[in-house]
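Heads up, the thing below is written out as structure tokens.
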Amino acid sequence: HGLGLFIDTYPNDESADRVFPYISAMVNNGSVKYDHGKDGRASELSGCPAELRNVDHDTYLAIRYSRGRLTVMIDVEDKNEWKECIDISGVRLPTGYFFGASAATGDLSDNHDVISMKLYQLTVEHSPEEENIDWTKIEPSVSLFKSPKDNIDDPTGNFRSGPLTGWKVFLLLLCALLGIIVCAVVGAVVFQKRQERNRRFY
């Protein structure tokens with residue numbers, strides 16, 4: 001349960017067009033499984049490549065969660081500059097959870113050292129409705145316009161536009177109808193002016 005941030009250094013799914021090492025995030029309430037064979041594509045919310053292997057300097061990862069927004073910044077080029085990796089809104093995480101770091105590997109081995117973890121508590125103002133919520137009992141969740149599983153066949157790992165819903169079809173048909181009406185009006189005006197011009201020559 002909670003938020004998982006994965007730093008994947010090896011592509012198990014070689015058919016995917018993705019640069020590794022790759023950082024990805026997922027939120028789980030116990031019902032989602034991380035698929036190692038597909039590098040977690042089905043449960044990934046967002047991610048980015050990060051060149052952090054075999055470098056002769058420290059690399060940094062900053063995770064910030066405030067008012068339902070999760071952001072992940074990276075500094076892997078030793079330039080003291082943060083670059084955006086992940087920015088997701090609509091994330092709901094409960095309080096009372098723990099921080100931890102773990103690792104797993106298959107046939108290949110890799111060595112990474114976690115030098116330190118610094119934690120800071122942010123002070124934010126809450127609305128009266130938010131004050132009445134028992135944040136220790138909410139389920140980890142993310143409010144998205146589409147399911148993370150729509151992300152499986154996308155080689156870039158980014159969210160694609162979802163399937164056409166009823167509203168999208170209605171708006172598309174409305175725009176097409178308005179376009180036809182505009183074209184018909186313009187055509188009628190042009191035709192009328194040509195008729196008037198031809199009458200002048202007779």
Worksheet item: Which one of Leu61, Ile7, Asp58 satisfies the side chain to side chain contact (heavy atoms under 4.5 Å, CB included) criterion with Leu52?
Response: Ile7

Item to complete: Return the minimal non-hydrogen interatomic distance between Asp13 and Lys38, and the atom names on each side.
Response: OD2-CD, 3.5 Å

Worksheet item: Are Val189 and Lys193 close enough that some pair of their side-chain heavy atoms sits under 4.5 Å apart?
Response: yes

Item to complete: Taking the side chain as every heavy atom from C-beta outward, state whether Pro11 and Phe20 have any pair of such atoms under 4.5 Å apart.
Response: yes

Worksheet entry | Heavy-atom closest pair, residues Met26 and Ser43 | CB-O, 3.3 Å

Fill in: Closest heavy-atom pair and its distance - Pro140, Asn29
O-CB, 3.6 Å

Worksheet item: Looking at Val76, Ile23, Val19, Ile74, which one forms a side chain to side chain contact (heavy atoms under 4.5 Å, CB included) with Pro49?
Response: Val19

Discussion item. Using the rule that Ile, Leu, Val, Met, Phe, Trp and Tyr join whenever any side-chain heavy atoms are under 4.5 Å apart, tell me whether Leu119 and Leu93 fall into a single cluster.
Written reply: no

Fill in: Pairwise distance OG1(Thr95) to CD1(Ile138) - rounded to 0.5 angstrom
7.5 Å

Worksheet, complete the sentence: On a heavy-atom basis, the closest approach of Phe99 and Met117 is CB-CE, 4.3 Å

Worksheet item: Got more than 12 heavy atoms from elsewhere within 6.0 Å of CD, Glu84?
Response: yes

Discussion item. Side chains of Asp110 and Tyr10, heavy atoms from C-beta outward: is any pair under 4.5 Å?
Written reply: no

Fill in: Atom of Ala25, atom of Leu70 and distance for their closest heavy-atom approach
CB-CD2, 4.5 Å

Discussion item. For the CG atom of Asn80 and the OH atom of Tyr60, what is their distance to the nearest 0.5 Å?
Written reply: 7.5 Å

Item to complete: Could you grab the distance from atom CG of Asn12 to atom CZ of Arg41, nearest 0.5 Å is fine?
Response: 12.0 Å

Fill in: Side chains of Val55 and Thr59 in contact at under 4.5 Å (non-hydrogen atoms)
yes

Item to complete: Before giving the answer on salt bridge (charged side-chain N to carboxylate O under 4.0 Å, His left out), spell out for Glu44 and Arg18 the whole-Å C-alpha distance, their side-chain angles and the decisive distance to 0.1 Å.
Response: CA-CA 13 Å; Glu44 176 193 333; Arg18 175 178 286 185; 3.0 Å; yes

Worksheet, complete the sentence: Output for pair (Cys85 SG, Leu5 CG), nearest 0.5 Å, gives 7.5 Å

Item to complete: Look at Arg92 together with Glu139 and state whether they make a salt bridge at an N to O cut-off of under 4.0 Å.
Response: no

Worksheet item: Same cluster or not: are Ile63 and Val142 linked, directly or through other Ile, Leu, Val, Met, Phe, Trp or Tyr residues, by side-chain heavy atoms under 4.5 angstrom apart?
Response: yes

Discussion item. With rounding to the nearest 0.5 angstrom, report the OH to CG distance, Tyr65 to Leu3.
Written reply: 9.5 Å

Discussion item. If hydrophobic clusters are built from ILVMFWY residues whose side chains come within less than 4.5 Å, do Val32 and Val27 share one?
Written reply: no

Discussion item. If you compare all heavy atoms of Val124 against all heavy atoms of Ser66, which two are closest, and at what distance to 0.1 Å?
Written reply: CG1-OG, 3.5 Å

Item to complete: Name all pairs fulfilling the side chain to side chain donor-acceptor pair (under 3.5 Å) condition that reach into residues 69-79, sequence neighbours left out, sorted by first residue then second.
Response: Arg69-Asp87, Glu77-Lys79, Glu77-Lys83

Worksheet item: At what distance, to the nearest 0.5 angstrom, does OG1 of Thr105 lie from NE2 of His36?
Response: 10.5 Å

Practice prompt. Check whether the ring centres of Phe6 and Tyr22 lie less than 6.0 Å apart, and answer yes or no.
Written response: no

